[in-house]
Engineer: 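So that we are looking at the same thing, I have put the structure below in structure tokens.
Sequence positions, counted from 1, serve as the residue numbers for this chain. When a ligand or atom number is given, it counts from 1 through the structure's own listing order.
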Amino acid sequence: MTKAKLQAVILAAGKGTRMKSARAKVLHEVQGVPLLEHVVRTVESLQPDPLTVVVGHQGDTVESAFSGRGLGFVRQDPPLGTGHALLAARERYAAHPDRTLLVVNGDVPLLRHETLAALVLAHQRAGAAATLLSAVLEDPDAYGRVLRDGGAVRAIVEARDASAEELKVREINAGIYVFEVPPLLEVLGELRPQNAQGELYLTDVVRLLRARGLSVAALEAPDPGEALGVNTGAELAEAARLLRRRRNEAVMASGASLQDPDTIHIGLDVTVEPDATILPFTILEGKTVVAAGARVGPYARLVDTQVGVDAQILDHCLLRQCVVEAGASVGPFAHIRPESRIGPRAKVGNFVELKKTHLGEGSKAPHLSYIGDATVGPAVNIGAGTITCNYDGTAKHPTRIEAGAFIGSDTTLVAPVTVGAGAYVGAGSAITEDVPAGALALGRARQVIKEGWADARKKATAGAPAAHGRKT
Ligand code: UD1
Ligand code: CA
């Protein structure tokens with residue numbers, strides 16, 4: 001069979017009333033991306049030309065969320081039903097009457113490439129005017145029912161308009177269709193809003209095509225879960241759960257290890273390489289990459305973060321837009337903020353916050369520190385409780401700590417300031433001036449010793465009435 005040229009329309013103009021949300025339904029997120037993103041990617045995978053998206057409710061917001069992607073947008077305002085939506089895009093597909101038309105509801109995030117491709121193939125084999133994807137459900141609930149006479153599809157009836165007998169049908173319409181354009185154009189104009197919702201139903205096209213003696217075929221989805229249409233918050237959560245499971249299974253099949261995958265979230269654009277290990281309750285978002293041999297979690301959240309080969313992110317860490325190079329170790333309880341880079345085999349320990357900081361190869365900040373706007377060379381040791389004072393109330397200033405320097409515990413580095421290569425800073429110092437390479441800097445009050453002071457105090461207070469508060 002020759003590969004026919006395809007074009008497609010995605011219907012995304014509906015209000016999504018049942019979500020009870022101010023946000024357009026198709027912009028609600030699953031796996032860190034809008035519902036519509038899942039549908040667009042699946043439809044795109046069949047390379048339709050053109051690919052049109054019908055938007056209406058919050059059309060500007062939807063359009064800008066998907067701009068620069070080569071999609072054509074058409075407005076349907078107000079949204080008066082799925083048939084009305086397809087009519088709104090008429091000029092787009094009428095321009096290519098020879099191209100088979102895919103029409104997909106914008107709220108079916110579980111639809112897979114393989115199923116859509118199989119639907120197109122079934123359509124071509126049947127030589128039908130239209131072919132729809134159906135699914136047989138235990139509880140067909142509010143879905144439109146597929147009515148057949150003998151084997152052939154006769155009509156789709158919406159649940160609200162169905163008789164008690166029709167409601168017993170468990171084969172439902174998934175809202176995913178393939179049409180030949182000329183017969184579609186003939187019948188679209190005949191749609192009438194004679195139904196419970198007073199809308200133009202795309203589903204009525206089936207009856208109208210049949211009335212003209214044309215054939216309508218249906219392909220039953222191998223996995224009925226793929227037909228899930230998201231109309232409510234609960235359905236959104238169910239779609240998220242199913243997609244998460246599907247994603248985690250694919251990641252495991254590729255050779256990564258997920259411990260207790262039901263508790264792990266891996267975003268759509270995340271890469272987990274073979275032999276990486278993800279521990280329970282870990283969330284990987286955005287364009288995060290976890291390389292082979294790396295371990296992340298438990299209870300870690302990574303956003304747009306690259307974790308290098310054999311690196312580890314320990315319990316309860318948050319990392320955003322940063323890079324952790326090979327063999328480095330972060331956490332537990334570390335917060336790595338955007339534009340940070342942790343060099344090979346470097347170590348960031350517990351209760352350490354890094355912001356816009358580059359930590360050089362093998363350098364360490366093991367305990368309780370805030371390092372911001374800093375460039376730290378290789379083999380530097382940053383003692384417990386070190387703080388860069390990078391903000392003067394108006395502007396941020398940089399700190400440089402050069403190769404092999406040793407920063408004693410409880411140091412404050414008042415930026416802008418540089419500690420030269422191999423220099424030492426004594427514990428408890430407030431460093432306000434540059435420290436030359438190889439020097440020792442002490443920026444603290446000299447210790448004072450008062451011999452015998454305690455005994456003297458005891459004598460001075462003896463005989464005085466017992467005090468409840470402490471006085472010195
Ligand atoms: C629709 C089908 C139903 C099917 C179900 C599958 C119709 C009449 N009914 O019902 O048979 O079982 O999907 O999930 O088609 N939209 C517009 N403009 C509008 C109305 C809707 O673009 O005026 C878009 C929505 O944004 C949505 C899609 O079309 O992405 C489906 O609309 P929705 O209201 O969710 O249809 P259902 O009632 O679920
Ligand atoms: Ca729906």
Side-chain angles (χ1 to χ4, degrees), residues 8-19 21 23-28 34-40 42-43 52-59 61-63 73-90 103-111 130 132-137 139-147 153 155-162 166-167 169-177 179 188 191-208 216 218 221 224-236 238-239:
V9 174
I10 298 174
L11 309 181
K15 223 172 170 176
T17 315
R18 289 164 278 179
M19 293 296 290
S21 159
R23 193 166 11 153
K25 177 170 78 176
V26 293
L27 290 182
H28 281 264
L35 265 183
L36 183 59
E37 179 72 46
H38 292 266
V39 179
V40 166
T42 303
V43 173
T52 305
V53 181
V54 183
V55 296
H57 183 69
Q58 290 184 5
T61 321
V62 178
E63 219 177 297
F73 291 94
V74 164
R75 291 294 169 127
Q76 182 209 14
D77 203 4
L80 300 175
T82 47
H84 184 248
L86 190 55
L87 271 165
R90 185 186 188 125
V103 178
V104 182
N105 283 357
D107 61 357
V108 288
L110 281 119
L111 175 66
L132 59 96
L133 187 71
S134 75
V136 176
L137 303 184
D139 176 16
D141 194 31
Y143 289 97
R145 305 299 202 268
V146 177
L147 307 180
V153 177
I156 297 169
V157 60
E158 291 306 291
R160 299 172 196 249
D161 303 304
E166 289 167 337
L167 282 175
V169 173
R170 286 173 43 224
E171 185 180 18
I172 62 97
N173 165 38
I176 296 149
Y177 321 81
F179 293 104
L188 267 182
L191 292 177
R192 296 289 175 267
Q194 282 151 5
N195 50 58
Q197 299 200 92
E199 292 185 344
L200 296 185
Y201 284 170
L202 172 56
T203 45
D204 285 345
V205 159
V206 172
R207 194 173 37 77
L208 295 169
V216 178
E226 276 186 63
L228 176 69
V230 173
N231 302 307
T232 64
E235 284 164 351
L236 185 72
E238 175 67 358

Engineer: I want to know if ligand 1 touches A13 in the polar sense, i.e. an N/O pair below 3.5 angstrom.
Structural biologist: yes
Engineer: Between A227 and ligand 1, is there a nitrogen or oxygen pair with a distance under 3.5 Å?
Structural biologist: no
Engineer: Of the protein's non-hydrogen atoms, which lies at the shortest distance from atom 5 (C) of ligand 1, and what is that distance?
Structural biologist: N173 O, 3.9 Å
Engineer: Between A85 and ligand 1, is there a nitrogen or oxygen pair with a distance under 3.5 Å?
Structural biologist: no
Engineer: Distance to 0.1 Å, residue and atom name: give those for the protein heavy atom nearest to atom 21 (C) of ligand 1.
Structural biologist: T82 CG2, 3.7 Å
Engineer: Look at atom 30 (O) of ligand 1 and say which protein heavy atom is nearest, naming residue and atom and giving the distance to 0.1 Å.
Structural biologist: L11 O, 2.8 Å
Engineer: For ligand 1, find out whether one of its N or O atoms is nearer than 3.5 Å to an N or O atom of Y201.
Structural biologist: no
Engineer: In the protein, what heavy atom is nearest to atom 34 (O) of ligand 1, and what distance, to one decimal place, separates them?
Structural biologist: R18 NH2, 3.8 Å
Engineer: State whether N105 contributes an N/O/S atom found under 3.0 Å from the Ca ion (ligand 2).
Structural biologist: no
Engineer: Under a heavy-atom criterion of less than 4.0 Å, does Q76 contact ligand 1?
Structural biologist: yes
Engineer: Under 3.5 Å, N or O to N or O, is G229 touching ligand 1 that way?
Structural biologist: no
Engineer: Do any heavy atoms of D107 fall under 4.0 Å from ligand 1?
Structural biologist: yes
Engineer: Look only at interatomic distance and state if V26 has a nitrogen or oxygen under 3.5 Å from any nitrogen or oxygen of ligand 1.
Structural biologist: no
Engineer: Quick one: report the N, O or S atom of D107 that is nearest to the Ca ion (ligand 2).
Structural biologist: OD2
Engineer: Has ligand 1 got any nitrogen or oxygen that is less than 3.5 angstrom from a nitrogen or oxygen of L202?
Structural biologist: no
Engineer: Check whether any heavy atom of H57 sits under 4.0 Å from an atom of ligand 1.
Structural biologist: no
Engineer: Going through the distances and angles, do L36 and L27 end up as a side chain to side chain contact (heavy atoms under 4.5 Å, CB included)?
Structural biologist: CA-CA 7 Å; L36 183 59; L27 290 182; 5.7 Å; no
Engineer: Looking at side-chain heavy atoms only, is the closest gap between Y201 and N195 below 4.5 Å?
Structural biologist: yes
